[in-house]
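Report on one structure; see the data block that follows.
Naming convention: chains lettered A, B, ... in sequence-line order (proteins, then strands); numbering from 1 in each chain.
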Amino acid sequence: MTSDGTVTTTNFIREIIDQHNDAGRFGGRVHTRFPPEPNGYLHIGHAKSICLNFGLAESYGGKCNLRFDDTNPTKEEQEYIDAIMRDVRWLGFDWEDRLFFASDYFDQLYQWAVQLIQMGKAYVDHLSADEMREYRGTLTTPGKDSPYRARSIEENLALFEQMRNGEFQEGECVLRAKIDMTSPNLNLRDPVLYRILHAHHPRTGDKWCIYPMYDFAHGQSDSIEGITHSICTLEFEDHRPLYDWLIDQLGIHHPQQIEFARLNINYTVMSKRRLVRLVTESHVRGWDDPRMPTLSGMRRRGYPPQAIRSFVEETSVTRQNSVNEIGLLEHHIRQYLNQHALRVMAVLNPLRVVIDNYPEGQVEELDAINNPEDESAGTRKVPFSRVLYIEQEDFMEDPPKKFYRLAPGREVRLRYGYFIKCVDVVKDAEGNVVELHCTFDPETRGGYAPDGRKVQGTLHWVSADHALEAEVRLYESLFSKPNPNDVEDGQDFTDFINSDSLQVLTGCRIEPSVATAEHGTRYQFERLGYFNIDLDSIPERLVFNRTVTLKDSWSKIQQKGG
RNA sequence: UGGGAGAUAGUUUAAUCGGCAGAACAGUGGACUUUGGAUCCAUCAGUCCAGGUUCGAGUCCUGGUCUCCCAGCCA
């Protein structure tokens, strides 16, 4: 068990660590890190890496660092750094005093580059990007040596010094490792170590105009921090021989890299490149749009971090590429919220109901249970009066057989209220039902009939005079296609954006008990789903997000033509 | 046609030395119910293919098929 109470199952990474510990490698130490690049917001795929790295450290009594891989100042911003830290904390993890940046190591990295040059293992190359691509060869044909590969150590040292001093334009030259241009692993065909970028860095300012490539920074950063297990995703497997080479040449601490398959979910996209486009092209309202798979979007949507963690835990850690169903995530969301969310009554599409035989001006405070799954949540009072609203969907003039709700002449229970019977239907000029007249049975207060008679349906409701007005935002998946990345020639993933992914309802009515709740407060609207209070909400104008619907067996019956 | 990796119900996965293929989600049917919620019960459904070794193969061997990753001065 971890601190959040979830059960940790074993996986291939834990088995590797166990083997290391049995063999005494790393002296039984386990030190991991979560190494995001601050060029975008964290998404649920990152949550898997976060849970894995912090979770491993915790369960083995080790530590986990947060390190920003900030080696490309042209793409990275302080806003992203702040957002990433906020999201990691929100998930419930703590890096304590171990907040690091790859840019902290720029001096050391520079020294190591010089050392490689001195060893004859790196050289300054003046090939253009296009030329370098040609010289690199292809997947099936070997590359060939750059004409600059044979420069003397002294010349390389001088040239690299000039690079650092800003004596070259961007793209004029780079520092490359001297490994093997014929290697079947393209990462070993003299990879670029340093490139020239006359860019201002969020942390080092204008100190540097040369920046290390990720491949030259990542492994050594892990080494500097004494990381034992460098956990990363599958696409870096081909880079491992390069990291190993670099670390062995330098003779420094050698972490063990272990790759796992990234988390994918259907009906969404997970690559940062695509998420950035969704934001910059205004397909969504921002990084924290509740339809986004970002952690900030999910937070705003009302997804509890505990549910995200239990979902991630259940997807398990493997080396198989896979795509999880969004339904599994939603299952975990519902499971948590069912246990923890307070119940309230809200009517999304109000239909006015007048209780003809209920005294005018009378108001009763009825007892309602806050959470049937948690007795300690207690009860509250909800006001009942002569004029109420119920859900439009809960009335049908000519109902099908399995419709349990209100219809002319039919009796139903108002939850925690009374049994009511529909006696009249008022329509407007177009024939739309605009008001119902009902009678109530005073003997059924609280929803129980002393004569033991049963009703099939129980409806939620609010008192018209007491209800608060609210805007409610309903969400569906952002994409209408299970795999939006699967595009034909000439198509773009944005072609598959679901035009119904956001539906805004105004004039919704909700019971008064929520009036003073804070942003983010999560509720179950009885019979409708889980909702939370959006950041846009103000007391004069409440705004709710639908986090997820309740499982709805009526809709299935309907679809089957019931 | 180079290198690296991976194939188990619809989905995601488990299976100690080679020893009864086990779960969750989804689906279906039912019980219960003051949420058509929750809960409970039942049920459907699987080892990529072809050989081989073995008393016995998801696991070992041989051959094949399919999928993913790699040709940024991105990470």
Spacing of A:F168 atom CZ relative to B:C73 atom P, expressed in whole Å: 18 Å
Tell me whether the side-chain N/O atoms of [X] come closer than 4.0 Å to OP1 or OP2 in [N].
| X | N | answer |
| --- | --- | --- |
| A:S322 | B:U13 | yes |
| A:Q320 | B:U67 | no |
| A:T71 | B:A75 | yes |
| A:R133 | B:A71 | no |
| A:T318 | B:U13 | yes |
| A:H331 | B:C25 | yes |
| A:R195 | B:A75 | yes |

Sugar-phosphate, base or nothing in reach of A:F403, heavy atoms under 4.0 Å: base
Sugar-phosphate only, base, or nothing, as touched by A:H332 at under 4.0 Å among non-hydrogen atoms: nothing
Residues A:R527 and A:H460: side-chain donor-acceptor under 3.5 angstrom: yes
Exercise: do A:Q524 and A:E526 side chains pair donor with acceptor under 3.5 Å: no
Sidechain N-carboxylate O distance under 4.0 Å for A:D222, A:R67: yes
Residue mapping more 5' on RNA chain B - nearest nucleotide basis, A:K75 or A:E325: A:E325
B:G22: syn or anti, per glycosidic angle within 90° of 0: anti
Chi class for B:C17: syn within 90° of 0, otherwise anti: syn
Side chain to side chain donor-acceptor pair (under 3.5 Å) assessment of A:Y123 paired with A:D190: CA-CA 9 Å; A:Y123 62 99; A:D190 288 11; 2.6 Å; yes
